[in-house]
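Quick note: residue numbers are just sequence positions, from 1.
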Amino acid sequence: MPGFVLLMRPRDDGDDTMRIGFTVTKKIGNAVVRNRMKRRLRALARELLTERGIAGADHVLIGRNGGVERDYALLRTELGKAFRKVTPQAADTPAGKVATPADTTTPAKAGAQVGKRP
């Protein structure tokens with residue numbers, strides 16, 4: 001099980017700004033442990049969000065049990081995989097159509113989820 005879950009939802013408001021949020025529940029540990037986990041998630045997002053995030057979407061990283069003890073390089077690899085799963089691929093779209101975040105309809109597995117606005 002990955003040390004986090006990545007949720008991504010397109011805002012569809014015409015703004016290309018990528019936004020990110022972090023959350024870690026009290027089930028993970030005391031305030032010191034939760035803050036450490038959030039610092040690790042922020043560092044990961046700082047490294048990978050600009051190059052792999054989706055413009056005009058909200059990204060949320062939810063810390064999971066074991067994420068604090070997990071090797072940072074492994075977390076970075078897992079986040080890269082999660083971004084690949086939520087990013088629409090050119091092969092998934094019909095010929096001549098440009099992929100948009102709204103074209104992704106199925107949730108990705110293993111730590112990444114894609115959602116549409118209701």
**Study point:** Flag, side chain of Arg42 to backbone of Phe22, donor-acceptor distance under 3.5 Å
**Key:** no
On a heavy-atom basis, the closest approach of Arg70 and Leu75 is CD-CD2, 3.6 Å
Check Arg19 with Asp58, please: is the shortest side-chain N to carboxylate O separation under 4.0 Å?
yes
Requested in this report: For the pair His59 (side chain) and Ile54 (backbone), establish whether a donor and an acceptor sit closer than 3.5 Å, ignoring hydrogens and angles.
Outcome: yes
| field | Intermediate values then yes/no, side-chain contact (heavy atoms from CB on, under 4.5 Å), Leu7 and Ile62 | value | CA-CA 8 Å; Leu7 300 174; Ile62 303 170; 3.6 Å; yes
Closest non-hydrogen atoms of Leu48 and Phe83, given as atom of the first, atom of the second and distance, are CB-CE1, 4.1 Å
d(Leu79 CG, Leu44 CG) to nearest 0.5 Å is 5.5 Å
Value for CZ (Arg34) from OG1 (Thr25), rounded to nearest 0.5 Å, stands at 8.0 Å
All heavy atoms of Ala45 vs all of Leu61, minimum pair found to be CB-CD1, 4.4 Å
Taken in chain and number order and not counting sequence neighbours, the residues that satisfy side-chain hydrogen bond (donor to acceptor under 3.5 Å, both in side chains) with Thr17 are Asp15
Between the CD atom in Glu69 and the CZ atom in Arg36, the distance rounded to the nearest 0.5 Å is 8.5 Å
Is there a path of hydrophobic side-chain contacts, each under 4.5 Å between heavy atoms of I/L/V/M/F/W/Y residues, joining Leu41 to Leu74? no
Closest non-hydrogen contact found for Asn65 with Ile28 is N-CD1, 3.3 Å
Does Arg40 use its side chain to pair, donor to acceptor, with the backbone of Gly67 at less than 3.5 Å? yes
Value for CZ (Phe4) from OG1 (Thr23), rounded to nearest 0.5 Å, stands at 14.5 Å
Shortest non-hydrogen pair, Val24 vs Met37, comes out as CG2-CG, 3.8 Å
**Asked** Checking Arg9 side chain against Ala57 main chain: does a donor-acceptor pair fall under 3.5 Å?
**Response** no
Residues passing the side-chain hydrogen bond (donor to acceptor under 3.5 Å, both in side chains) test with Arg76, sequence neighbours excluded, are Glu47
